[in-house]
Amino acid sequence: MKTTVRLQREAFDPAAEAAALTQGRTDIGALVSFTGICRGAESGEPIAALTLEHYPGMAEAEISRHVEEATSRWPLMGVTVIHRHGRIEPGENIVLVITASSHREAAFAAAEFLMDFLKTRAPFWKQVEAPNGTTWIEAKGADDAAAARWQTPPGQKAAE
Amino acid sequence: MKTTVRLQREAFDPAAEAAALTQGRTDIGALVSFTGICRGAESGEPIAALTLEHYPGMAEAEISRHVEEATSRWPLMGVTVIHRHGRIEPGENIVLVITASSHREAAFAAAEFLMDFLKTRAPFWKQVEAPNGTTWIEAKGADDAAAARWQTPPGQKAAE
Amino acid sequence: MSTLKIVYFAWVRERVGKAEEEVVPPDSVKTVADLIGWLGERGEEYAHAFEHPKSIRAAIDKSHVQPGTSIAGAREIAFFPPMTGG
Amino acid sequence: MSTLKIVYFAWVRERVGKAEEEVVPPDSVKTVADLIGWLGERGEEYAHAFEHPKSIRAAIDKSHVQPGTSIAGAREIAFFPPMTGG
């Protein structure tokens with residue numbers, strides 16, 4: 001099991017990360033990659049950039065915890081999660097989740113699980129830089145609902 | 001809406017295909033990529049290669065039909081499906097599905113939908129080349145069950 | 001009935017021993033299932049290929065069809081095992 | 001009670017006007033909710049930051065906690081809006 005969790009200001013290269021996960025292996029049959037990209041508009045209004053604030057230490061710990069949970073739930077052969085912080089312009093990547101497994105079901109489920117938890121539990125906050133000032137993006141109920149899909153397995157502590 | 005459907009003998013480059021889908025756009029917020037890879041063992045036995053046979057004409061038509069269905073079900077901004085045929089060795093890519101949308105839910109759902117249908121409806125057959133001869137891979141009931149998740153929307157012809 | 005092109009794939013092709021052929025079935029052959037039954041009586045290799053009709057999938061003019069589908073007007077009928085692509 | 005490090009993020013940080021501070025709450029402050037109530041009375045900027053306690057999330061020593069969680073033994077308590085990463 002190869003896992004990578006990184007928080008960084010710099011851009012990342014999804015292809016290089018995928019290659020690092022599969023390199024030299026012939027047991028991986030399915031690779032799912034999710035890339036979250038900064039859009040040029042929020043609520044119909046053009047934006048200049050997003051600034052991502054995060055809670056150092058907690059962000060990494062929270063992501064690592066969910067990566068561990070994913071690897072205990074599904075038969076994964078590799079997981080990579082990279083989340084950027086700082087200023088990000090439209091068209092730039094924000095977040096990357098890659099999951100590798102022998103079959104597609106586990107790879108898809110784990111990638112969705114990780115994204116749902118990144119959206120609702122990882123301590124990051126997006127601020128929008130628009131022509132008329134800066135505003136904080138509001139959390140969406142739909143994201144909480146998506147995260148709630150992943151019922152806590154019996155015997156584990158329920159999500160707080 | 002940018003859609004690409006290709007059947008080919010040659011290897012493909014998932015990163016180049018993803019770049020082609022997102023290039024010059026700032027309305028895409030979520031990019032999901034699925035890569036199916038030839039594993040080095042089948043049912044616990046090492047294999048030398050897979051050979052993928054397909055039904056020319058029908059394979060492309062069937063994939064295009066499902067790409068169209070995906071774009072009518074989810075608000076997608078781009079879809080790429082590439083399926084190889086011929087001889088493929090362990091570690092090589094077999095199939096690529098990329099979906100782009102403004103939000104992750106649509107991108108994930110469409111990618112899973114397309115993979116479930118590629119597994120069960122696209123006319124491809126995998127033959128295993130092993131030390132002791134060649135055998136055809138048997139279809140899995142689990143794949144049919146996965147495809148059955150995607151109920152036909154009302155008013156449309158049920159899947160045959 | 002006029003001439004019909006039949007194409008075979010994967011182990012159906014291997015068992016029949018050819019990738020395609022032209023046949024002229026009798027008028028009594030009206031459906032895909034009828035055609036499977038008629039082909040199955042053309043010799044040992046056909047009997048082997050079609051011994052388990054439930055394992056055979058069919059397409060008319062490159063669209064999936066069911067055993068009960070009429071073959072009237074068909075130009076090309078394909079027989080193959082359940083698909084294993086992706 | 002001993003000294004407690006409080007850290008703020010996003011609009012909670014902006015409203016309070018600082019990213020972190022050290023406080024010594026009275027012994028009557030036992031839970032996260034108590035602490036929010038106590039901080040909210042420290043001035044207009046705090047009142048503004050904590051005016052809707054339901055919109056405030058908290059972490060003790062970098063783990064999510066609920067309003068009813070005891071702050072006994074905490075070294076660092078963080079307050080922030082619902083997360084919007086990913």
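We name chains A, B, ... by the order of the sequence lines, and we start the count at 1 in each one.
Under the 3.5 Å distance criterion, the side-chain polar atoms of A/T120 are left unmatched by any main-chain donor or acceptor of A/D143. Although no hydrogens or angles enter the test, the distance criterion places no donor-acceptor pair under 3.5 Å between the side chain of A/R73 and the main chain of A/A70. Distance alone, capped at 3.5 Å, places no donor-acceptor pair between the A/H85 side chain and the A/L7 backbone. Side-chain atoms of A/Q8 come within 3.5 Å of backbone atoms of A/E10 as a donor-acceptor pair (strictly under, hydrogens ignored).
Within the 4.5 angstrom heavy-atom criterion, only side-chain atoms of A/R65, from C-beta onward, approach chain D. Contact annotation for D/R13: only side-chain heavy atoms (C-beta onward) come within less than 4.5 Å of a heavy atom of chain A.
Side chains of A/W150 and A/E69: no donor on one and acceptor on the other come within 3.5 Å.
Residues of residues 46-62 of chain A placed with any heavy atom under 4.5 Å of a heavy atom in chain D are listed by number as A/E53, A/H54, A/Y55, A/P56, A/G57, A/M58, A/E62.
Residue pairs that meet the salt bridge (Lys or Arg N to Asp or Glu O under 4.0 Å) test with at least one member in residues 15-39 of chain A, sequence neighbours left out, are A/R6-A/E17, A/R25-A/D27, A/R39-A/E42.
Partner of D/Y8 under the side-chain hydrogen bond (donor to acceptor under 3.5 Å, both in side chains) criterion, chosen from D/R15, D/E21, D/K18, D/E20: D/E21.
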